[in-house]
Amino acid sequence: MHFIAEIVEDDLRTGKNGARLQTRFPPEPNGYLHIGHAKAIWINFTIAARAPFGACNLRLDDTNPATEEDRFVRSIQEDIRWLGYDVGKRVFFASDYFERLYECAQTLVRKGLAYVDSQSPEEIRDKRGNFYTPGQDSPYRTRSVEENLDLLARMRNGEFEEGQAVLRAKIDMTHPNMNMRDPLIYRIRKAHHHRTGDAWCIYPMYDFAHPLSDAFEGVTHSLCSLEFENHRPLYDWFIEAVGGFDPVPRQIEFARLNVTHTVLSKRKLQELVQLEKVSGWDDPRMPTLAGMRRRGYLPQSILAFIERTGVAKRDNMVEIELLEHQIREDLNREANRTMAVIDPVKVTITNMAEGEKHTFSIPVHPEYPERGTREVTLERELYIEREDYLESPPKKWFRLAPGQEVRLRGACFIRAVEARRDERGKLVELLCTWDPESKGGGTPDGRKVRGTLHWISKTDAISCEVHLYDRLFSEPEPESEDRSFLECLNPDSLQIRAEALCDRSLAQSPEGAVFQFERLGYFCVDRTSTPGRPVFNRTIGLRDSWAKIAQS
RNA sequence: UCCGGCGUCGUCUAACGGCAGGACAAAGGACUUUGAAUCCUUGAAUCAUGGUUCGAAUCCAUGCGCCGGAACCA
């Protein structure tokens with residue numbers, strides 16, 4: 001049980017808030033959700049579920065019309081649903097509260113706790129002071145309630161231009177926490193809002209809108225990331241200053257998720273999209289939920305990963321290996337086996353007659369025989385992976401080499417006899433012999449072969465396209481200061497293999513279907529697939545202990 | 001120089017004054033019709049110094065280090 005759960009359990013036990021429990025997930029609709037958001041989503045929904053009638057609201061925090069778009073509102077809802085959370089009717093918008101927030105602002109003015117400042121943005125910034133020196137009061141700080149009320153109404157009516165006036169809270173210009181030095185409440189923005197259109201020309205700031213929106217909704221625990229820790233005194237101040245709320249929400253901060261070999265800043269993700277380093281927000285290399293979905297990640301894997309990384313207050317950098325481990329663990333269970341050859345080389349079995357065919361059935365999943373079997377055909381012409389044959393192999397090479405015998409997965413033993421190459425030396429065909437005694441994959445004499453290869457016969461094969469994805473960044477910490485994250489991009493993060501072959505049975509596979517291509521990894525059907533030509537995305541490769549042996 | 005937060009194996013995370021544990025990663029081995037999966041084994045940590053205590057990762061003090069904070073962004 002993490003520290004937030006402990007606080008909440010404690011509140012529940014002591015009957016705080018009448019044992020009510022409510023949280024909220026408040027994204028700004030200015031980009032796609034990524035795996036860092038998944039952490040916030042998971043925390044907020046699992047915490048809410050700790051009480052019988054606990055609930056988590058989705059609140060789109062749309063207080064800045066300049067950056068927000070309706071398409072992001074839609075993608076956010078889609079991604080939350082995909083993760084497995086049903087917000088039902090609990091979808092709210094900060095913009096729905098604009099009128100009520102305005103009334104709160106008037107209340108503050110009447111209480112003498114807010115004033116209209118007519119200084120320029122530059123003056124306001126200069127007079128805020130800095131970490132070491134206190135700020136100075138605005139000359140407009142002492143305006144009367146009546147004047148402030150009038151000015152605020154005229155701000156709303158559009159009588160001022162952007163930058164000519166703002167509404168500020170009257171707190172303390174010498175406060176050591178700079179957030180408390182008369183923070184802005186409203187600024188003028190003559191911009192079109194994606195939901196309220198042109199109804200407003202003043203928009204509330206986050207520090208004002210956020211705590212009050214929580215209070216309006218009856219949120220009891222407002223969970224956010226560490227960078228808002230400095231804002232908590234202000235969060236509490238606005239709720240107290242407006243007054244009359246029950247329950248009074250409590251803000252608790254946790255450390256956001258960081259993962260090696262990727263970036264999780266919205267600005268950087270946006271840059272990758274804009275600079276076309278990736279194909280879009282849902283590029284399978286992106287850490288966005290849309291990208292991970294297209295990549296073939298299962299939502300339960302993402303959630304399990306987040307649960308395993310924990311919730312605490314120290315800064316963290318989770319190794320991507322933990323995510324990859326989780327994906328493999330789930331996909332190993334979920335994905336049925338089939339065979340595909342990504343870089344095919346033709347094999348001719350010279351001692352098998354033209355037209356001769358043998359059929360074998362192989363379990364669809366070795367650990368779950370109840371899932372049934374698949375049929376493969378063995379015949380004179382077939383294909384194996386080019387890299388599975390080596391003319392002069394290193395030690396411990398179990399695959400094909402001159403004179404060496406291997407097993408074709410689920411079928412029989414073959415032995416390499418001759419390699420045919422073109423004028424440039426490229427392998428074009430392998431002549432092999434098979435042992436008819438080895439049908440099924442073993443022989444009466446009980447001799448062992450160490451290597452088993454995946455393969456596909458000429459009649460079973462259809463052409464397909466395979467997208468081999470790897471980590472987007474080759475550096476473990478592309479966000480570290482020493483260079484631009486763009487310089488850390490992995491040039492081989494995508495390899496397109498248009499010559500690949502896969503089993504006929506995959507021709508009509510629906511988008512998102514997942515498979516293990518034996519010995520290669522886990523793959524899913526991309527949305528660009530067509531019935532005649534499937535396109536597969538590699539979600540993650542199998543662990544490859546040969547790669548380590550080969551290295552040494 | 002100010003304010004806030006945080007320091008436990010390489011990484012993430014437990015411990016609520018009483019044997020520093022787990023997971024990933026790493027190394028070695030067994031098994032294997034996927035060099036997969038599975039199984040076994042091993043190495044690996046309390047930022048430092050003082051104090052309180054029978055006993056401190058935990059409480060106190062001091063120091064050091066790291067992160068965040070000076071948008072009319074969220």
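These numbers were taken from a predicted model, which means no experiment stands behind them. Numbered from 1 within each chain, the chains take letters A, B, ... in sequence-line order.
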Just N and O in the side chain of A/Arg181: are any of them under 4.0 Å from OP1 or OP2 of B/A71?
no
Nearest-Å distance, CG (A/Leu390) to P (B/G35)?
16 Å
Looking only at the side chain of A/Lys548 (C-beta and beyond, no hydrogens), which of the listed nucleotides B/A26, B/A71, B/A25 gets closest?
B/A26
Any idea which heavy atoms bring A/Arg371 and A/His365 closest together, and the distance?
NH1-CD2, 3.5 Å
Both distances under 3.5 Å, Watson-Crick or G-U wobble: report the partner of B/C6, or none.
B/G65
If pairing requires Watson-Crick or G-U wobble contacts with both distances under 3.5 Å, which nucleotide is the partner of B/U42?
B/A26
Salt bridge present between A/Glu385 and A/Arg519 (N-O < 4.0 angstrom):
no
Is A/Glu321 side chain donor-acceptor paired with the B/U11 base, going by distance under 3.5 Å alone?
no
Check each of A/Thr67, A/Asn64, A/Thr63 against A/Glu28 using the side-chain hydrogen bond (donor to acceptor under 3.5 Å, both in side chains) test, and report the only one that passes.
A/Thr67
A/Ile252 CD1 - B/G5 C1' separation (whole Å)
15 Å
Across nucleotides 37-45 of chain B, 5' to 3', mark each nucleotide with B, S or - according to how protein heavy atoms within less than 4.0 Å reach it.
S--------
Specify the separation, in whole Å, of atom NZ of A/Lys127 and atom P of B/C72.
15 Å
Can you tell me if A/Arg407 and A/Thr452 form a side-chain donor-acceptor pair at under 3.5 Å?
yes
How are the rings of A/Phe485 and A/Phe473 set relative to one another: parallel (under 30°), tilted (30 to 60°) or perpendicular (over 60°)?
tilted
Would you tell me if any nitrogen or oxygen in the side chain of A/Arg128 comes within less than 4.0 Å of OP1 or OP2 on B/C72?
yes
Could you run through nucleotides 12-18 of chain B and give me one letter per nucleotide, 5' to 3': B if any protein heavy atom sits under 4.0 Å from the base, S if only the sugar-phosphate is that close, - if neither?
SSSSB--
Whole Å only: how far is the CZ atom of A/Arg450 from the C1' atom of B/A30?
12 Å
Provide, to the nearest angstrom, the distance between the CG atom belonging to A/Asp117 and the C1' atom belonging to B/A71.
16 Å
Kindly point out which of B/C72, B/C73, B/U1 is positioned nearest to the side chain of A/Tyr132?
B/U1
Base paired to B/C31 (Watson-Crick or G-U; both N/O distances under 3.5 angstrom)
none
Quick one: on RNA chain B, does A/Arg519 or A/Glu227 contact a more 5' nucleotide (nearest heavy atom)?
A/Arg519
What about A/Asn230: does its side chain form a donor-acceptor pair under 3.5 Å with the base of B/G68?
yes
Counting Watson-Crick and G-U wobble pairs only, both distances under 3.5 Å, name the nucleotide matched with B/C59, or none.
B/G51
Say we look at B/G43 and B/A20: how far apart would their P atoms be, to the nearest angstrom?
16 Å
Protein-nucleotide distance (A/Leu323, atom CG; B/A25, atom P), rounded to Å:
12 Å
Given B/U34, B/G69, B/C72, identify the nucleotide with an atom nearest to the side chain of A/Arg187.
B/C72
Nearest to the side chain of A/Asn177, heavy atoms from C-beta on, is which of B/U34, B/C72, B/C3?
B/C3
Starting at atom CG of A/Asp172, determine the distance to atom P of B/C3, rounded to an integer number of angstrom.
14 Å
Side chains of A/His454 and A/Arg337, donor plus acceptor under 3.5 Å
no
Phosphate OP1/OP2 of B/U32 contacted by A/Arg407 side-chain N/O (<4.0 Å)
no
Give me the ring orientation class for A/Tyr32 and A/Trp281: parallel if the planes are under 30° apart, tilted from 30 to 60°, perpendicular past 60°.
parallel
Please measure how far the P atom in B/G17 lies from the corresponding atom in B/C60, and state the result in whole Å.
12 Å
Separation between the C1' atoms of B/G22 and B/A15, rounded to whole Å
12 Å
Report yes or no: do A/Ser222 and A/Arg24 form a side-chain donor-acceptor pair below 3.5 Å?
yes
For A/His325 and A/Glu321, test the side chains for any donor-to-acceptor distance below 3.5 angstrom and give the result as yes or no.
no
Exactly one of A/Phe254, A/Tyr206, A/Tyr235 should register a ring-ring contact (aromatic ring centres under 6.0 Å, His included) with A/Phe228. Which one does?
A/Tyr206
By nearest atom, which of the nucleotides B/G4, B/A71, B/U34 is closest to the A/Arg409 side chain?
B/U34
In whole angstroms, the gap separating P of B/A74 from OH of A/Tyr203 amounts to 12 Å
Taking the minimum atom-to-atom distance to the side chain of A/Phe131, which one of B/G69, B/A74, B/C24 wins?
B/G69
Taking atom NZ of A/Lys190 as the centre, does the number of heavy atoms from other residues, nucleotides or ligands within less than 6.0 Å exceed 12?
yes
